[in-house]
Every structure is written in structure tokens, then in C-alpha cells.
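So the structure is just underneath, and the comments pick up after that.
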Amino acid sequence: MSVNWVPRGLRRATAQFPVATRLALRNYSSGKDTAREFIEKAATPFEVFDRNAKRMQRSRAASRTQTSHEVDYLRDEVAARVADRLLDIKRRYHTVVELGAGCGHLAKAVDDDMMDKLIMCEMSPQALSRDADTQYDVEVERRVMDEEMPQFEDESLDAVVSSLSMHWVNDLPGMLIRVRKALVPDGVFIGAMLGGDSLFELRSSLQLADVERDGGIAARVSPLTSSRDVGNLLSRAGMTLSTVDLDDIVVNYPSMLHLISDINAMGEGNAVVQRLPFIKRDTLVAASAIYKELSNEDVSQKFSDGLKITPRKSRTSKSGAVCSYGMSESERDKDEEKYAKHLVKNYTHQDISELLDFAQPATTAGQDAAELETGFISNLMERILAGEKLPTKIGLNSRLLVQFAREIGKWTNGGSSRKFEKPLYKHFTNFALFVAQCLKSKAASKTSDIARLILPAERTDYKPDDSNDSRRIDVGLAVRGTDASVKCVSLGCYADMLCIAEAKKNRALDKDALAQLFMYSVNMYMRQPNRRYLWGLTICADEVYACLMLSDGFFVSPAMRISELAGRKMLISWLVRWSMCPEDRLGYDPTMHQVTAHSEADGGGSYNGKVDDRMYTIDCYDDKSQEITTYITKRTITSADDMLGRHTRCFVATRYSGSGTDSSATEVVIKDAWSPAKHPPLEDPRDEIRLLRKIHDTFEDDTPDHIYPNMLVGGHVRLDQKDMSTIDTTDAIFNAAGVDRIDPPCDPDTKSAWKNQPLRAHRRIVIRFCAQYKLLPRFAKALHKALFGNVNCPGAHLDDVDDEESSDDDDSDTGDKPTEGSNDPLVKRSAHVDAILADLEKVLDKFKSKALAVL
């Protein structure tokens with residue numbers, strides 16, 4: 001007979017232990033557990049939550065069936081996002097376990113294409129059986145089990161998910177360790193939990209009311225785990241390849257009392273062990289008043305869960321990663337999301353029926369050919385969708401077309417709202433491949449106007465390799481030659497994309513899709529220095545929108561409804577015109593051409609996909625000599641980093657001889673920008689090219705390069721349109737579409753019509769490279785003021801300056817002194833200029849050696 005002995009002192013002290021420890025002591029003293037089992041069970045951390053109270057809350061909420069269904073919105077939304085995450089992993093699961101399944105929210109979001117069986121584990125029998133009569137698309141097994149203590153055999157499960165229940169678990173590390181042991185090698189765990197600043201407004205209001213009425217703070221809202229701690233917990237549990245994502249879900253409530261009512265109906269009431277059993281009426285009234293004062297309008301309550309899918313996408317290998325400029329990634333994402341919504345609200349014009357004309361072929365014959373191709377492809381697609389068998393002599397790969405049309409048919413019959421957005425990627429990809437396959441068959445003809453094929457990327461919902469953030473684009477489109485195979489292409493970089501297509505699962509999210517498109521497309525400006533403007537697509541269930549993004553405004557086409565014949569034909573028309581229009585109407589600069597890669601002779605090493613490792617030949621036109629000089633870039637100094645504005649880019653380059661760069665050639669700096677112009681480009685008094693040329697002509701070669709750069713070439717970029725050379729301006733973009741641009745109204749706060757766009761001119765200057773340039777901006781600014789009187793308006797005094805006066809021979813007689821009675825501001829201020837130049841030379845000599853060593 002064995003006797004288990006428990007010391008009397010320990011027996012008296014058991015009342016001070018947590019519930020799990022007391023149960024372990026009871027089993028050990030009765031002989032049910034060994035000493036080892038006692039140690040494992042008793043080693044439970046301090047209890048924060050009363051699990052029995054939580055079980056009763058869930059059971060009580062589920063027993064009120066009608067009210068319980070009304071508050072399923074939050075759990076259903078999070079469950080749908082968890083299911084969407086499961087779809088991200090390219091595998092089919094045999095057995096998936098859901099811990100804290102509640103009433104079966106995840107079961108409504110999955111189907112038998114994803115898994116064979118879903119095991120729902122919930123500690124409340126009433127919640128587990130609330131929807132027992134509901135038929136799901138997947139086999140379901142219900143088990144009454146506490147998610148804090150999951151009991152499964154080792155390596156028996158393909159995947160474990162938990163949707164909005166882990167924030168009530170006392171022993172999160174222990175739970176995660178048990179989950180990890182139950183998973184097969186390379187198994188999947190996805191958990192979503194409230195955390196961070198969830199219910200921040202409610203928490204703050206109750207705390208302030210407690211301090212005001214009772215002089216202290218009570219535990220009214222349960223503590224929540226921060227995202228930074230979750231990453232550490234996953235690592236501690238032995239999880240590998242872990243990611244921690246954040247998502248803000250905002251729900252509007254009329255008042256705090258409505259919010260509390262919904263929380264109780266969800267079974268999410270306070271279950272902290274040290275909670276108070278009630279709240280005083282005056283404290284509740286005070287908290288409600290504070291809550292309303294915080295909002296000043298209908299209350300927007302935020303829930304932060306463990307996912308981050310929409311409106312922004314981000315995956316981080318380390319939670320709370322800090323950017324180099326001191327902002328966390330989540331803070332930067334919020335700023336960029338807010339800016340993108342600002343662009344949608346204030347700079348976006350929708351339902352622009354003329355937008356298709358911006359991508360039309362340049363000639364009338366080309367436009368007619370595009371119409372014929374559109375009609376042919378549309379007719380062919382409709383015949384296949386109707387089930388007709390194509391004739392064998394049609395000259396097309398009928399098998400491929402039928403395969404593409406099968407996915408297109410799913411798109412046309414999907415309706416205005418989808419359960420997931422991921423299938424939309426495949427639908428659109430097959431639509432683009434269908435059009436490309438039809439165009440390729442015609443491109444072989446010598447009389448064909450088809451210049452290129454528009455092909456989708458083989459990856460969807462992915463992070464481009466050259467991205468400096470963690471956002472994931474949905475679908476990318478690329479330009480390929482007409483001899484390319486019609487299939488999804490390898491498209492890993494923003495630098496290779498024609499445009500991005502962002503998808504949403506229902507029509508109502510069109511504004512969110514636009515905001516995401518703007519956030520992602522700025523990377524194309526940064527990685528493609530030869531882009532004048534950008535195109536983009538948004539897919540909202542069965543509606544597609546095309547978007548043109550210029551420097552001062554964004555234009556959106558009318559909705560193309562794929563469920564209707566007219567909508568399908570319009571999308572075909574867009575893809576056909578992008579395949580047939582001139583290069584500049586895709587937004588590319590025809591005077592800049594990418595060189596595939598650096599060669600070893602150039603000293604650049606091998607090409608690795610980064611923008612700085614790509615070389616471009618740049619044709620620089622000089623307005624004065626009317627000659628073109630070609631340079632080849634060696635590296636990029638500045639890239640465009642905003643959707644709006646000048647899109648200024650700077651390159652270090654050398655003369656291009658036709659075979660690459662010459663290491664001994666003189667380096668120059670090329671500045672390329674879309675500068676605002678209030679006058680015709682060649683008559684603009686604030687034209688930087690005109691100012692630099694005036695300075696050069698006035699001082700001849702005596703001005704050091706570190707004061708004012710010596711301009712070698714300066715002119716406006718010119719395009720060949722309709723057999724004539726045209727200056728690249730905003731007017732040129734509009735005129736190519738047969739639309740007249742109108743100057744915007746004077747009131748900057750008024751959103752004008754879409755044709756009211758500011759005039760910008762595409763200018764390019766080449767200056768001699770000088771390592772000391774930018775060393776002493778203070779002196780350069782002083783010189784600028786001495787020359788023009790006003791630093792901020794350099795062209796203010798140049799309108800009255802005559803070229804002949806500035807080069808007058810009388811200057812040799814008067815030396816450096818101002819000429820008596822002269823009206824030339826350059827001559828009047830020459831004494832000030834000489835003094836500044838002398839000071840600048842002294843300082844430059846002092847710092848020259850040190851600056852050159854650094855640079």
C-alpha cells in the first residue's frame with residue numbers, strides 16, 4: 001500500500017494558491033497524480049482571469065439566441081480574416097482544430113476546399129451547441145474543452161487556429177507549448193486576440209470616472225497583451241517562422257451604454273479575478289459623459305486584434321520593429337494610410353468617361369485596329385462563356401482559352417460581394433491571360449499594331465523584393481514583348497511593373513482599394529525613374545476601375561461590371577489599348593531607356609534588382625543649341641517619393657558612347673523634374689534653366705561650381721507626337737487624349753473639376769559634378785540673395801534684365817565696382833557677390849580636404 005503524505009503547513013496554505021494549483025494538490029494527496037505530474041500541473045502562473053466566470057458569461061450570452069446572433073459581427077469578421085490567412089498557405093488541411101470556437105464563426109468562413117474536418121473546441125456547451133442545426137460547407141466535430149488546456153496527441157494536427165479567445169487565457173506560454181506539441185512538423189498555428197489599445201476609450205472613461213467619484217481605479221476592463229509581448233511568447237513556445245500582425249477594426253456606437261450592452265451580449269464581460277461585483281450608478285453616468293466628450297460625435301470604438309489584412313497589409317518578422325527615423329512600422333503605416341485617404345478625398349475624380357482616351361493609339365488607324373481587336377476578343381469570350389465550341393480553324397489555342405474562360409465565368413457569376421478576396425486574384429489573372437492569348441495570335445502579322453503583351457505576375461498577394469516596407473500587393477501587371485509566352489511571369493520588383501491591381505471582396509470598399517493602390521504605387525515612382533505618370537486598377541468584387549495618377553490629381557474610370565457584357569468588353573478594351581498605344585501613353589519616358597544590367601567593365605558588378613543597380617540612357621535636349629546629348633546613369637542620388645508634386649530625380653552620369661560607361665569620363669549630375677509653370681514653358685520667368693543660363697552668361701567661367709553649378713545642358717524633355725516634337729507638359733498628356741486642360745481656380749481649398757489641373761513642364765538639366773557642392777548652403781543662399789534680392793523668388797528681378805546689358809564691354813573699365821546709373825541688378829550687387837565669394841573660398845579651403853575624404 002502506498003501512502004501519499006502532504007505536510008500540514010502546505011495543506012493550510014493551499015487556500016492562497018490559484019485554482020489549478022489547488023486542484024493539483026488535491027489530486028496528488030489523493031494518489032491520482034505522481035510527484036512529477038503534480039509539479040507540472042502546479043507550476044501555473046498567477047491567475048488573472050476567472051475561467052469559471054468566463055464560461056458562465058459565454059453560456060449566458062449563447063442562451064439568449066436572438067441577441068447573441070445580433071452581436072456576431074465582430075467574431076464573424078475576425079473569423080473571416082483568420083480563414084483568409086489560412087488561404088495564404090498553399091496547402092489543403094486534413095484536420096484543423098479551433099480553440100475557443102464559440103458558436104462556430106470560423107466554420108461559416110471555410111469550406112471543404114480548405115480542409116477535410118474542423119474540430120470546434122469550446123469550454124461553454126451552450127455556446128458550442130447554439131447553432132447545432134446549421135449546415136456548414138465542411139465536416140464539423142464539437143468538443144467541450146477549455147482552450148487554456150488543449151488535450152491532443154503529439155503531432156496529430158495539421159493546423160490549430162484560435163479566433164478571438166486567447167485574451168482570456170491565463171497561461172498563454174503553456175497553451176502555446178501544448179499547441180506546438182500537437183502540431184505535425186511544419187504545422188500551422190494562427191491566432192487572433194484582442195490586444196494593444198483595444199477599448200482604449202472605454203478604459204480611459206471608466207478610469208477617469210473612478211478617480212473622480214471614488215478616488216481610485218478599479219479593474220473594469222481586463223488587461224490586454226501588447227503586440228511586442230506576443231512575439232516573445234511565440235518564440236518562447238518554440239514557434240518558428242512566426243509573424244505578428246496588427247489590424248484596427250473600428251465599430252461605431254451611439255453611446256458607451258450601447259457598447260457595454262454589446263460586450264455583455266458577446267460574452268466578453270469583465271472576468272478579472274480582482275474585479276468588483278458592481279459599478280455605482282453615478283460612476284457609470286460620469287463615465288458615459290466622459291466617453292461622449294472624448295468622441296464629440298458618434299463613438300468610434302477600436303478593437304485591435306492579432307491580424308493585419310485591410311486596409312493595409314504588413315507582415316513583420318519582429319513585432320514593433322523600429323524604423324531608422326524613429327517611427328515604429330505601425331505608426332508609419334497609420335500616417336501613410338491617413339495620407340492615402342486624404343488623396344482619395346481631395347485629389348481623386350471619379351467616373352471620368354474620357355479616361356480611356358488617355359491610353360488610345362496615336363493614329364486613327366491604330367484606334368480603329370484597337371476597336372476591331374476589342375470586338376473580336378469580346379465576341380470570342382462571350383461565345384466560350386455561353387458554352388459554344390470554337391471551330392478548329394480559328395487559329396487560336398482553344399484549349400487555353402477555354403481554361404481561362406472557366407475562371408472568368410466564376411468571376412461573372414460571383415455577385416457583388418464575396419466571402420474572400422483571394423479568388424479575385426485568379427479571376428483577373430485569367431482574364432488578362434485570355435486577352436493576351438488572343439492578341440499574340442494577331443501580333444505575328446507584319447501589319448499588326450500590337451506593340452506588347454500585358455501579362456500578370458505568377459505570384460499574388462506578395463511583397464515585392466525591392467520594397468522598403470512590408471506591404472503586400474495583390475496582383476502586378478508587366479509589359480512583355482509580343483514573342484513572349486502567354487503565361488504568368490516572374491515579377492518580383494516594383495521596378496518591373498506596369499501597374500498594380502488591388503482587390504476587395506465587395507463593391508462598398510472601392511475607396512479603401514483606391515487608398516491602398518496609392519500607398520503601393522508610390523513605390524513604382526521610387527523604383528522607376530523613367531515613369532512620367534502611373535496607371536492602376538482596383539477590383540471590388542465584380543466591378544473593376546482603371547485609375548490614372550498624375551502629379552496633381554488622380555482620375556478614375558466608371559465601374560466596369562464583369563457580370564455584364566458591357567463591363568467585360570470595357571476591361572478588354574483597356575488591356576487592348578495598353579498593348580497597342582505608344583510607350584509614353586503607358587506613362588513611360590521615351591527619352592530614358594533602361595540598360596539591362598551593369599557590366600563588369602562598368603565597375604557596377606552584377607545586377608541584383610535594386611533601383612540603384614539599374615542603368616538608364618538619358619537623352620538630354622538643350623533648348624539653346626537644340627541638340628541632344630545622351631548620358632548613361634551610374635547611380636541614383638534622389639528618387640521620387642510622393643504621389644504628388646515635382647517627382648524630382650537626380651542621377652550621377654557620364655557621356656554615353658554606345659557601348660557603356662567610360663570610367664575616365666567626367667561625371668555630371670542630371671536633375672529631372674516636373675516643375676510647376678504659370679507661363680508657357682519657354683517663357684516662364686521662374687524657369688530654373690533660364691536662371692542658370694543667365695548666371696553662367698553673367699559670370700562666364702569665374703563662378704566656382706560649389707556656388708552655382710555650371711550647367712552643361714538645359715532644356716525641356718521633348719516627345720515625338722503625331723510626327724512633330726512636343727514639349728512634355730501636362731498639356732501634352734491631355735492633348736494626346738483630345739482633352740483640353742483648364743487652369744485650376746485661384747481658391748486652393750476648392751476641389752475643382754478633373755480638367756482643372758495645374759500646368760507642369762518636364763525639365764532636365766545637366767551640371768558638372770562637384771564633390772564640394774552642398775557643403776556651404778549658407779553662403780550660396782547669401783549669394784542668391786545678393787544677386788536677386790529675394791531668395792524665395794529668384795526670377796523676380798530677371799524680367800527687366802537684357803542679355804546685352806549683362807555682357808556690356810563697359811564692365812572691363814569699371815572693374816568690380818557697380819556702374820553708375822546702371823539698372824542691371826546683377827551689376828548693382830557685384831560688390832556683395834565678390835565679398836561673399838571671398839568668404840566662401842576661405843571656408844572652402846579650410847574644409848576641402850576633410851569634405852573630400854568623407855565624400
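Quick note: residue numbers are just sequence positions, from 1.
A salt bridge does not link Asp542 to Arg418: none of the charged nitrogens lies less than 4.0 Å from a carboxylate oxygen. Note on Asp186 versus Arg91: salt bridge recorded, some NZ/NE/NH1/NH2 to OD/OE distance being below 4.0 Å. In this structure, Lys338 does not pair ionically with Asp335, as no charged nitrogen and carboxylate oxygen lie closer than 4.0 Å. Salt bridge present: Asp461 and Arg472 bring a charged side-chain N and a carboxylate O closer than 4.0 Å. Ion pairing of Lys410 with Glu407 is present here, as a side-chain N (NZ or NE/NH1/NH2) and a carboxylate O approach within less than 4.0 Å.
To the nearest 0.5 Å, atoms NE2 (His167) and CG (Leu172) are separated by 11.0 Å. The distance from atom NE2 of His427 to atom CD1 of Ile539, rounded to the nearest 0.5 Å, is 10.0 Å. Rounding to the nearest 0.5 angstrom, the gap separating the CG atom in Leu424 from the CH2 atom in Trp411 is 7.5 Å. How far CG of Asn413 is from CD1 of Ile562: 12.0 Å, rounded to the nearest 0.5 Å. To the nearest 0.5 Å, atoms CE (Met239) and CZ (Phe189) are separated by 5.5 Å. The structure places CD1 of Ile408 at 12.5 Å from NZ of Lys426, a figure rounded to the nearest 0.5 Å.
Aromatic ring centroids of Phe431 and Phe404 lie 6.0 Å or more apart. For His647 and Tyr533, the ring centers sit 6.0 Å or farther from each other.
The side-chain heavy atoms of Leu118 and Glu139, taken from C-beta on, include no pair separated by under 4.5 Å. Contact of the Glu502 side chain with the Tyr520 side chain is registered, since non-hydrogen atoms from C-beta on lie closer than 4.5 Å. Taking 4.5 Å as the limit, every side-chain heavy atom of Asp351 sits out of range of all side-chain heavy atoms of Val556. Contact check for Ser557 versus Met560: side-chain heavy atoms found under the 4.5 Å cut-off. Using a 4.5 Å heavy-atom threshold, the side chains of Gln437 and Leu401 count as touching. For the pair Val544 and Thr538, the minimum side-chain heavy-atom distance is 4.5 Å or more. You'll find the side chain of Gln528 stays beyond 4.5 Å of the side chain of Leu534, heavy atoms only. In this structure, the side chains of Leu644 and Phe518 stay at 4.5 Å or more apart for every pair of heavy atoms.
Counting non-hydrogen atoms of neighbouring residues, nucleotides and ligands closer than 6.0 angstrom, the NZ atom of Lys419 exceeds 12 such neighbours. Heavy atoms of other residues, nucleotides or ligands lying less than 6.0 angstrom from NE2 of His94 number 12 at most. Around CZ of Arg92, the count of heavy atoms belonging to other residues, nucleotides or ligands within 6.0 Å exceeds 12.
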Criterion side-chain hydrogen bond (donor to acceptor under 3.5 Å, both in side chains) on Ser467 and Arg471, from CA distance to verdict: CA-CA 8 Å; Ser467 173; Arg471 294 192 179 92; over 6 Å; no
Working for side-chain hydrogen bond (donor to acceptor under 3.5 Å, both in side chains), residues Tyr73 and Glu77: CA-CA 6 Å; Tyr73 54 86; Glu77 176 66 21; over 6 Å; no
Ser162 vs Ser165, side-chain hydrogen bond (donor to acceptor under 3.5 Å, both in side chains): CA-CA, chis, key distance, verdict: CA-CA 7 Å; Ser162 177; Ser165 69; 3.1 Å; yes
Verdict with reasoning, Leu356 to Ser573, per side-chain contact (heavy atoms from CB on, under 4.5 Å): CA-CA 8 Å; Leu356 184 62; Ser573 183; 3.5 Å; yes
Derivation of the side-chain hydrogen bond (donor to acceptor under 3.5 Å, both in side chains) call for Tyr545 and Glu543: CA-CA 7 Å; Tyr545 300 86; Glu543 290 185 345; 2.9 Å; yes
Val97/Cys121 under side-chain contact (heavy atoms from CB on, under 4.5 Å): CA gap, chis, key distance, verdict: CA-CA 7 Å; Val97 168; Cys121 300; 3.9 Å; yes
side-chain contact (heavy atoms from CB on, under 4.5 Å) evaluation trace for Lys117 with Val140: CA-CA 6 Å; Lys117 183 178 182 180; Val140 170; over 6 Å; no
From CA spacing to verdict: side-chain contact (heavy atoms from CB on, under 4.5 Å), Leu234, Leu176: CA-CA 7 Å; Leu234 291 172; Leu176 293 174; 4.2 Å; yes
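Considering every non-hydrogen atom in both Ile450 and Thr482, the closest pair reads O-CG2, 3.7 Å. Closest heavy-atom contact between Tyr494 and Asp466: N-OD1, 2.8 Å. Taking each heavy atom of Cys438 and Ile377 in turn, the nearest pair found is CB-CG1, 3.6 Å. Minimum interatomic distance between Ala359 and Trp535 (heavy atoms only, all atoms of both residues): CB-CZ2, 4.0 Å. The two atoms that bring Met497 and Arg531 nearest to each other are O-NH1, 3.4 Å, heavy atoms only. Here the closest heavy-atom approach between residue Ala503 and residue Asp474 is recorded as N-OD2, 2.8 Å.
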Run the side-chain donor-acceptor check on residues 100-113: report pairs under 3.5 Å with partners two or more places apart or on a different chain.
unit_1	atom_1	unit_2	atom_2	d
His105	ND1	Asp76	OD1	2.9
Lys108	NZ	Asp76	OD1	3.1
Lys108	NZ	Asp76	OD2	3.3
Asp111	OD1	Asp113	N	3.1
Asp111	OD1	Met114	N	3.4

What pairs of donor and acceptor atoms, side-chain ones from residues 451-458 against any protein atom, are under 3.5 angstrom apart with sequence neighbours left out?
unit_1	atom_1	unit_2	atom_2	d
Arg452	NH1	Trp578	O	2.8
Arg452	NH1	Cys581	O	2.9
Arg452	NH2	Cys581	O	3.0

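Taking Arg568 as the reference, Glu382 meet the salt bridge (Lys or Arg N to Asp or Glu O under 4.0 Å) condition, with sequence neighbours excluded.
Counting only distance, with no hydrogens or angles, the side chain of Thr412 and the backbone of Gly409 share a donor-acceptor pair below 3.5 Å. Using modelled atom types, one side-chain atom of Ser579 and one backbone atom of Leu575 make a donor-acceptor pair closer than 3.5 Å. With hydrogens and angles disregarded, no donor-acceptor distance shorter than 3.5 Å links the side chain of Ser521 to the backbone of Met643. Side chain of Arg75 to backbone of Leu164: a donor-acceptor contact under 3.5 angstrom is found.
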